[in-house]
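Take a look at the structure set out below.
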Amino acid sequence: MLDRRDDPVTPLLTQWTYQAMVHELLGMHNNRVDMSKTPNVKKDFEEIVLGEADPFFKKNVLANFGDLGMSIKELLDGYQKKLNVNRNIQSIEDMQRFVASYPEFRKHATNVTKHVSLMSELARLVDVHQLMDMSQLEQEIACVDDHSAQIAELEAKIREPGVSKVDAVRLVILYALRYETYSGNRIAQLKGILQEKGVPRSDLGLVDGMLEYAGNAKRAGDLFGNKTFMSKLGKSIRRQVKGCSNVYTQHTPLLGQ
């Protein structure tokens, strides 16, 4: 049994797997995704069902965004091959084969359209909310102790009109958790910027609320790996030797240790 307050960081980070992105960006309830507000969506796809019965979703539920794009391309290529085969009807036998396979073909076509529609909308929302840049900064704050390099970028990011209020609050909470005990922290100033952005008072209270719930004094473990000289040294060496192949997945949940 683990107490969530020992790792408040992981749930605050942008996730890049298929199921997590659908939950976070679109919302999924009882395996149903509401796509009615998606621009130019077809009537038949205003509500999409995902779950165990969908073999593509089952296979790619934990695929990251990049791999998901490749898998959907393969799904689309397979559909186009079937489409070309079915177009080549030149005999009664060809017609019989097409009619026999039509229900399966139509099911396949619907599935392709469903996942292409979902992928397209996820990509649009990632772009609209600047989630690539957001995620990179989140990961840096979560994984690297470098206040001077991060604070200017953080202030500029939360001021950007394209960054949503909830994402701006998330960034400030991550910063507060990381630099709570740093004598030169700018938590108060960042809360002031959030207020200028129009963040409601109730949401501003989340910053202090998170510190009260899972701040440095409330955590049992060494969440950021910076409480001892040896942990700092080890982290530095690992970072220099191993590097990081994906800046969006640098962070490893405390549970992984």
Side-chain angles (χ1 to χ4, degrees), residues 3-16 20-21 24-25 125-126 128-228 231-232 235-236 238-239 244 246-257:
D3 194 327
R4 168 50 68 200
R5 74 184 64 209
D6 281 337
D7 179 11
V9 168
T10 298
L12 292 168
L13 299 174
T14 300
Q15 302 300 314
W16 291 100
M21 291 182 74
E24 186 72 19
L25 299 180
L125 292 172
V126 165
V128 166
H129 296 298
Q130 304 177 28
L131 290 183
M132 290 286 191
D133 291 341
M134 281 284 301
S135 180
Q136 187 168 346
L137 181 54
E138 289 171 13
Q139 292 281 330
E140 286 297 315
I141 293 172
C143 301
V144 183
D145 195 334
D146 191 354
H147 186 270
S148 60
Q150 294 167 4
I151 186 61
E153 185 179 357
L154 175 57
E155 288 184 359
K157 181 59 63 182
I158 63 178
R159 279 192 168 103
E160 288 183 15
V163 172
S164 70
K165 293 173 185 176
V166 66
D167 286 337
V169 171
R170 253 185 335 111
L171 273 178
V172 174
I173 291 175
L174 284 167
Y175 169 89
L177 288 167
R178 159 69 77 175
Y179 295 110
E180 177 191 6
T181 59
Y182 174 63
S183 59
N185 76 58
R186 301 190 60 176
I187 297 172
Q189 291 90 330
L190 290 171
K191 286 169 63 180
I193 297 173
L194 290 178
Q195 194 168 12
E196 292 171 10
K197 192 179 178 73
V199 173
R201 186 180 296 274
S202 58
D203 288 353
L204 283 175
L206 293 173
V207 180
D208 293 330
M210 184 62 80
L211 292 179
E212 184 179 340
Y213 167 72
N216 186 67
K218 300 295 177 70
R219 298 193 299 267
D222 190 4
L223 176 62
F224 293 108
N226 57 8
K227 288 187 177 178
T228 66
S231 66
K232 287 182 181 179
K235 198 166 190 176
S236 174
R238 287 197 302 274
R239 188 169 174 79
C244 183
N246 189 341
V247 295
Y248 305 109
T249 56
Q250 296 178 62
H251 178 263
T252 301
L254 188 65
L255 182 59
Q257 301 172 26

- Residues Ile187, Lys191; criterion side chain to side chain contact (heavy atoms under 4.5 Å, CB included); working and verdict: CA-CA 6 Å; Ile187 297 172; Lys191 286 169 63 180; 4.1 Å; yes
- Message: Please check this pair: side chain of Gln250 against backbone of Gln139, looking for a donor-acceptor N/O pair closer than 3.5 Å.
- Response: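 Not at all, since once roles are kept as given, no pair shorter than 3.5 Å links the two residues.
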- Query: Is it true that a side-chain atom of Asp167 and a backbone atom of Ser164 form a donor plus acceptor pair closer than 3.5 Å?
  - Reply: no
Taking all heavy atoms of [X] and all of [Y], pick out the closest pair and write down the distance.
X      : Y      : value
Leu194 : Ala168 : CD2-CB, 3.6 Å
Lys165 : Lys197 : CE-O, 3.5 Å
Pro8   : Arg219 : CD-CD, 4.1 Å
Asp6   : Leu254 : O-CD2, 3.4 Å
His251 : Ala142 : CD2-CB, 4.0 Å
Arg186 : Ile151 : CD-CG1, 3.8 Å

Distance from [X] atom [atom1] to [Y] atom [atom2], nearest 0.5 Å?
X      : Y      : atom1 : atom2 : answer
Glu140 : Leu154 : CD    : CG    : 12.5 Å
Thr10  : Leu255 : OG1   : CG    : 8.5 Å
Leu12  : Leu174 : CG    : CG    : 5.0 Å
Asp146 : Arg178 : CG    : CZ    : 9.5 Å
Arg5   : Met210 : CZ    : CE    : 11.0 Å

- Item | Of Ile141, Asp145, Leu171, the residue whose pairing with Gln150 passes side chain to side chain contact (heavy atoms under 4.5 Å, CB included) |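 Option passing the side chain to side chain contact (heavy atoms under 4.5 Å, CB included) with Gln150: Ile141.
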- Message: If we check side chain to side chain contact (heavy atoms under 4.5 Å, CB included) with Thr14, which of these qualifies: Glu138, His129, Met132, Gln136?
- Response: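 By the side chain to side chain contact (heavy atoms under 4.5 Å, CB included) criterion, Thr14 pairs with just one of Glu138, His129, Met132, Gln136: Glu138.
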I'd like to know whether [atom1] of [X] has more than 12 heavy-atom contacts from other residues, nucleotides or ligands below 6.0 angstrom.
X      : atom1 : answer
Gln189 : CD    : yes
Arg201 : CZ    : no
Gln195 : CD    : no

- Task: Report the C-alpha separation of Asn216 and Phe224 in whole Å, then their side-chain angles, then the decisive distance to 0.1 Å, and conclude whether the side chain to side chain contact (heavy atoms under 4.5 Å, CB included) test is met.
- Result: CA-CA 10 Å; Asn216 186 67; Phe224 293 108; over 6 Å; no
- Between Tyr175 and His147, how do the two ring planes meet: parallel, tilted or perpendicular, split at 30° and 60°?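 Aromatic pair Tyr175/His147 classed tilted.
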- Query: Given Leu25 and Leu131, is the side chain to side chain contact (heavy atoms under 4.5 Å, CB included) satisfied, shown in steps?
  - Reply: CA-CA 11 Å; Leu25 299 180; Leu131 290 183; 3.6 Å; yes
- Report the C-alpha distance between Gln15 and Glu24 in whole Å, list the side-chain angles of each, state the deciding distance to 0.1 Å, and finish with yes or no for side chain to side chain contact (heavy atoms under 4.5 Å, CB included). CA-CA 8 Å; Gln15 302 300 314; Glu24 186 72 19; over 6 Å; no
